[in-house]
Structures are given as C-alpha cells and as structure tokens.
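Below is one structure; the comments refer to it alone.
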Number of protein chains: 2
Amino acid sequence: MEKVTHKTLACGIELACAEIPDRRIAAIEFRLCSGIADEPPALLGLAHVVQETIDLGTAHYDGRGLSDAFDAIGASHTGWTARESTGYRCVVLPEFLDRAIELHTEYLCTPTFPDDSVEVAIELAQQEITALQDDPQGLCDKLFSAQVFGPLLGRHALGEPETLERITRDDVAAHWKNHYHTGRMIVTAAGGFDAKKLIDLLEKRFAGFGSAAPAGRNGYRVAFEPRQTHHPKDLAQEHVAIAFPGVSVEDASFPVQRVLIAILSGGMSSRLFTEVREKQGLVYWVAAWSETPRGSGVLFLGASTTPERCDKTFDTLLREVDRVSEDLTDDEVERSISGLVAKMRTQGDLTRSRCSELADDLFHHRRPIPPEEKIARIEAVTTERIRQFLADHPRDRLNVLTLGPRVLERAAAVGR
Amino acid sequence: MEKVTHKTLACGIELACAEIPDRRIAAIEFRLCSGIADEPPALLGLAHVVQETIDLGTAHYDGRGLSDAFDAIGASHTGWTARESTGYRCVVLPEFLDRAIELHTEYLCTPTFPDDSVEVAIELAQQEITALQDDPQGLCDKLFSAQVFGPLLGRHALGEPETLERITRDDVAAHWKNHYHTGRMIVTAAGGFDAKKLIDLLEKRFAGFGSAAPAGRNGYRVAFEPRQTHHPKDLAQEHVAIAFPGVSVEDASFPVQRVLIAILSGGMSSRLFTEVREKQGLVYWVAAWSETPRGSGVLFLGASTTPERCDKTFDTLLREVDRVSEDLTDDEVERSISGLVAKMRTQGDLTRSRCSELADDLFHHRRPIPPEEKIARIEAVTTERIRQFLADHPRDRLNVLTLGPRVLERAAAVGR
C-alpha cells in the first residue's frame, strides 16, 4: 500500500508524494503553475520555446552533455506546455532518483538558453505550425480551442508565425526568470523512495530558487459565448466539433459529469460508439470528453465523417445527448460506474500516472485526494443526479465548428 | 517477484503466464497466429472485418449485451489485426478474470456475424481508407509497407476499396472457421491470479474449439528489393522514408540492432534527434526503428520536413547511419545500453506490457525469455559488435519513398 505525504517545503515548493515500497521504479514531476495563458500577447509561443530550450545549456552542461547524463542513468524524461502549467516528468530506477533530481535542478535553476538553441526551437515551432495544415484533427483542435476558450486559455502552445518571429533569446531568459521559481512549483513523486530523504534533497537543491511566495494558483475565467464557424478545407473527411458549458473539476457535480461522459463515450457499450458508429456506420471516429481549466469546464462532442453525412452526424450527436435524459436506466449507470472505477483502480498500476494524478490534485484541489475518496464520489452518482445535471446544464448554448469541404446547414441550432 | 509457467494445454492452446502476486490487476491476451498475410488475395481487409465483428453477436449475447457484460465487470478490452496475427487483450481486476475469460470464450468460439454488423464494419473500413487521404503519415506508412514488404506482409489491415466491396457475411464466417482454433492460439496472462486455476479454466472453456494441431507458426519470407518511389500530394510538409535490410528478432545479433537503433533514435541524446532536429532544425519529426515479421527484419529511417529541405534531409539521415561506424565511442554505447535496460526494467511496471511481451516471446522464440536473459544480451553488446553489424549489413540496397509536393533529386543513391 502507498503512504502519501503532502507538505509545503521551506524552499517554497508544494510537495505531494506517494511511497509505494514494492515498486521497482520511481516517477517525479515538476509542475510550474505558469502556462500558455501567462505569455505576453505579443510573444505567443514563448512558454513552449522556454520548455524546449531549458535543458539545452546549463551552468555545468551543454545540451548534449545533459541528455547524455540522463541517458547514463536510463532516465526517460519528458516535458510539456499546457494552458495553465508547464510540466517536466521523469521515470527512473529508484537508485538513480537522487541523481535525476540533481539533473532536473541543473536545468530548471541554471539554464543558459544558448542563442542557436533558441533559434532552432523557433524554427521547429514554425515548421510544426505549417505541418498542422496536413493534420486536420490537430488543426480542428487548435481552431476550436481558440473559439471556445477565447484569447487567453484558447491559445495554442506553438504560438503564431508572427509572434514566434518576434521572440528573442532575451525574451526566453526573461520569461524563465519571471515564471520559474519555487512559489510556482508543485512537485510530486510516486514509487520506491524514502519521503524524508526526498524532502531533504529538494530543500537543499531548490533553496533560494526565486520567490517562495505562492503564485499562479488561481485560474482564468472562461466566458462561454455561443458561436458557429466553418473552416473550408479540401479534405476527404469532414470534422465536426460541438461544445457546451459543463462543470469544473472542483465542482461537487464533477463526478456526475464524468459518469455522463462515460455513458456517452466511455467504452464499447457507450452510446456514441454503439449508436453512431456501430449501428449506423455514420462515422469511424466519434467521442465525448471534457476540458477543465481551473474553475471551469466545457463538454465536447467530436466526429469525423463523410462530407455528405455532416448534417446527419451533427443531429445525431446532439440527439444522443438529449436521449440520455429520456431513457437512461439504473443498469446503464451502474455499468458506467463499474467501468470508471475499474479504470481508476487499475491506473494506479502505472507509477507515472499516480505521480501525475497527485500533481493534478494539488493543481485543482490544493491537496492530494485519496483514491478511495474519488471512487466513493463516483459510486454515489445516480440516474436521478445525471438527469438533474442535464436539466441544470442544458445544451442550449452551443459552440460549433466544422472543418472540411462542406458547410453545415444547421446554423439555427446555435444559441437558439 | 513473478513466477512464469509455459505449457501447451491439452485443448491445443500454447500458454505462458506470469503470476505477480502483488499486482491488483490481471491482463490476458489471446493471440491467433493468423493475420493480414493469411487473407485470400481477392478479399483483402477480411481479417480486420472478422476482428471488428466477432463480438457483435454470439450464441448467448447480441453485440450490445456482450459489451454491457464486459462493462459490468469494468473490463477494458481491445483487439487488433496485424501482419501475421490477430490479438485480443483485456485488463481487469483479478476477481473478475474468470468472468472475463468466459466472455472472451463466448465471442471467440461462438460468433454469429450478424449481416448488418458485417455491412457496417465494411462501410467503416471504406471510410477509414478514404480518411487516410487526410493523414499523410498513415498514408506514407501504408504505401511504404507495400513497397518494402511486398504482396503478402505489405498488405494494409483495412484492405482495399475493391476487395472490401466483395466481402460477404459468409466470407467472414468462413475466415473465422478456418483461422480461429486452439492450434493457432497463443494465450498469455500477467498479474494477480493463480496459474493452475487459469489452466483449468482455459482447458474447460476451449476444449474442442477446432483443430488442436499447431498451425500458423512459421513466418513468410521477405524478398527485399531496392526501389525508389515518389507519391505526389499537395501537402505543406514532405515525408521521407528509407528502409534497408536488418536482422530478425530470432537472430543472434538482434540485440546489436536494438542498441544501434537506440543510438540513432533512442532518446534526447540520440544522434538523429540531436544532429538532425536540435542542431540543424532540419525536421520537427525524425526517427529510426525496425519492423520484424517472424524470420526477417528491416531497418527504417523516417522524417517530415519542408519540401525544399527534402534532399538535405535525405542525405543527412544516411550520413548519420554512416557516421556511426566512423566515430562511435564506448561511452555512447554504454549510455544507450543503460537507457534500453532501464526501459526494459520499467516496462514490466505495466501489467499489460508484461502480458504482451510473453505473447511476443512465444510468437518469435516459442518460449518465454526471462527478462534477465534479454537484459544480459543487451549488456553484452559492444562498440566492436555494432561496427561489425554495420559492416555485415551495409545500407547499400535502399528502399526510398517520398510523399509530398517535391521529387527527391537523389535517385542515384538507390541500389548503387
């Protein structure tokens, strides 16, 4: 069994760690409470350039030397830039965890941002933006995120061609200086290690790393405005995306929303899969999901279909949401809950998932939520609560986007 | 620690299972030794249609009923169709493993293939083939696989529009009848369960399920022929793919090939990543990998780049392979080995990976290979053996494919 410790360290880091003695590996995540939404508007793409270049030159290593040092201990590490945070995670054999932390400290606290690394990172980001034109699903996600979440949370990690062009090495160094400090840092770990030793090591390594005052702990407000757009593109398939307001991770009815999504899209017997894909053969890809920046939540429906079936697919997606309030049964709710609970119980099987779950908990709830508490909340969801949720959150204010050769005829459905 | 059992059961199934008592989950895989290469040439896509429809109607359930039954025990299950095999895998809480096996038996042994399910599956496959036109990487993989592996192993799981059109419900039932029987079945399991009980249950459930005589245990021969093709397409990026002969999983120098690929493409400090991406900013995606049907092996290099950098990227990819024999150091080999060994040690962390690894072992080696034996073989790789490997497998007979707006100027490089 695991033993969880949650503590704000003297150095300013907020730590949560789960010691799981029988694991032969350890995972550690460093999450900065600063993301795409925190970039200067003229320099979109900056947070991602910082993340891509931060380990390409440090006080004691050049980029090659540092990645050689990670490779020498067999550490697989990865980084990502998100709406409200930037993360770095590493999985390593327990005996090398101390060394891995030392290497993370090296690049998080003493990056030098060599000129040529910054230039290459900007060039690669420009290439990736161009490549989005060949990736309809990626392009659809980018356009729809901007439409639904607006000018701050709706930004794309890669930035825009004209803002990337402006970014200099000094901008990169300044962004790091302002946004990388212990007061913005959540650190979580899971697996085979000793919590006390981990705490001592973090205190020693990160003491004096910028301001220790908590920062970046509040979300941005999402102003959901109904809207419909079509983006013409010469494609074989049409992409349809629909969004409407839901609840945030912090909301008491978030577990209800999770079960609702599981009913729509959680498995082989989910409604969208069986009704839209298996029975009608309308689409080969269909899904429902939620996106939940801190303090807000939006429900999404998406499908790829042939252009001539675009309107029928749109109608069917919304019809399936409506049908939940009409003919939901206790059996179906129970099955969806079983599936969710089994997934929650089995995901702890993966050490790095447990580590990231702890970081999500601190990010949204400011404390680690025991897995059993989360499971109990899911198990308390009833048919009645789902019906009530749908009544409280009617899908009568829609954001709709289509990408492909065909314009949707159903313009009237939006904001009616 | 795990306890591995390997046994050919009286019913004909070849079983390997790893009991790992401290795991709170169990994974089981049913692998049929029959895949895309075993389809009748006039009915390409048939194996995949069988896999997609096999659980949509059985002796005791309709499709919805069966997936509800899986959901009720929170079992996540998945299926796939590969070159030489078809697989079904399930992850479940240990207390539901027996029930999960019962449900797998239900669809593997008593499918009814309802007419409408077959029609929908064919329609969806047609849609997916059309959608490949919007997915340059997927299209590139399909075209290059056909070019490199030829008319049997180079087939695509989805089939071709004209062969899909011909497939009837009776073809589907006949393919199942001929290819689904215990003599073609490898079953593996990992996690929390009792091996003896598992064996008893499999014997009981699968007794008399078709011929118990071993079948499908030999690979197809790959005749590698140098060739270069260009597939013009109006894209923002150019896709470049290169292939040359390597060794099979069963070959004594397969571990050498694995370390070579790790040196080229195994991590942040791999040569392709640092030289081609990070230093030159030539490409945002670059990789090296191998594909290894039974008895053969092919090495691949791939990149996405801007059309004007297409030739430079091509040259650089090959140059990086050549450079390995010129300036490889013991340090670099050691680091790559550390990385590979750490990955091998940590992948056992995921119960379903361990389960699939056992199935791969039986498929290629006809016995489970202890993880420590695999690690020892990797650790025995030296700089000298890698140099020798490159001398024994010169990249002088190339398969090359480009997909995008620009024709490669380097035609002379092929088959020189």
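What you see below is based on every heavy atom in this structure, not just the backbone, and it leaves out hydrogens, waters and symmetry mates. Naming convention: chains lettered A, B, ... in sequence-line order (proteins, then strands); numbering from 1 in each chain.
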Check whether A/D134 reaches the backbone of B/P136 with its side chain - one donor and one acceptor, N or O, closer than 3.5 Å. no
Contact part of A/D68 toward chain B, heavy-atom cut-off under 4.5 Å: side chain, backbone, both or neither? both
Lys/Arg N to Asp/Glu carboxylate O, A/E123 vs B/R309, below 4.0 Å: yes
Identify the heavy atoms of B/V120 and A/G281 that sit nearest to each other, and give their distance. CG1-CA, 3.8 Å
Give a yes or no on whether a salt bridge exists between B/R277 and A/E52, defined as a side-chain N under 4.0 angstrom from a carboxylate O. yes
Is the count of non-hydrogen atoms from other residues, nucleotides or ligands lying under 6.0 Å from B/D327 atom CG greater than 12? yes
Counting heavy-atom pairs under 4.5 Å to chain A, which of B/S269, B/A131, B/S270 comes out on top? B/S269
Should A/R64 and B/E332 count as an ion pair when the cut-off is N to O under 4.0 Å? yes
To the nearest 0.5 angstrom, please state how far the CG atom of A/D71 sits from the CD1 atom of B/I263. 11.0 Å
Please determine whether the number of non-hydrogen atoms from other residues, nucleotides or ligands lying under 6.0 Å from atom CZ of A/R271 exceeds 12. yes
Could you look at A/T53 and say if it's the side chain, the backbone, both or neither that has a heavy atom under 4.5 Å from chain B? neither
Ranking A/Q133, A/H77, A/E334 by heavy-atom pairs under 4.5 Å to chain B gives rank one to A/H77
Looking only at A/A342, A/G339, A/A72, most heavy-atom pairs under 4.5 Å shared with chain B are made by A/A72
Check whether B/S336 gets within reach of chain A through its side chain, its backbone, both or neither, counting any heavy atom under 4.5 Å. neither
Could you give the distance from CD1 (B/I25) to CZ (A/R345), rounded to the nearest 0.5 Å? 12.5 Å
Can you tell me how far apart CE (B/M1) and CG (A/D22) are? Round to the nearest 0.5 Å. 12.5 Å
CD (A/Q127) and CG (B/L282) are apart, to the nearest 0.5 Å, by 8.0 Å
For B/T274, is it the side chain, the backbone, both, or neither that has a heavy atom closer than 4.5 Å to a heavy atom of chain A? side chain
Would you compute the distance between atom CD1 of B/I73 and atom OG of A/S338 and round it to the nearest 0.5 angstrom? 9.5 Å
Looking only at B/V283, B/V91, B/I122, most heavy-atom pairs under 4.5 Å shared with chain A are made by B/V283
Return the OG1 to CG distance between A/T351 and B/L350, rounded to the nearest 0.5 Å. 9.5 Å
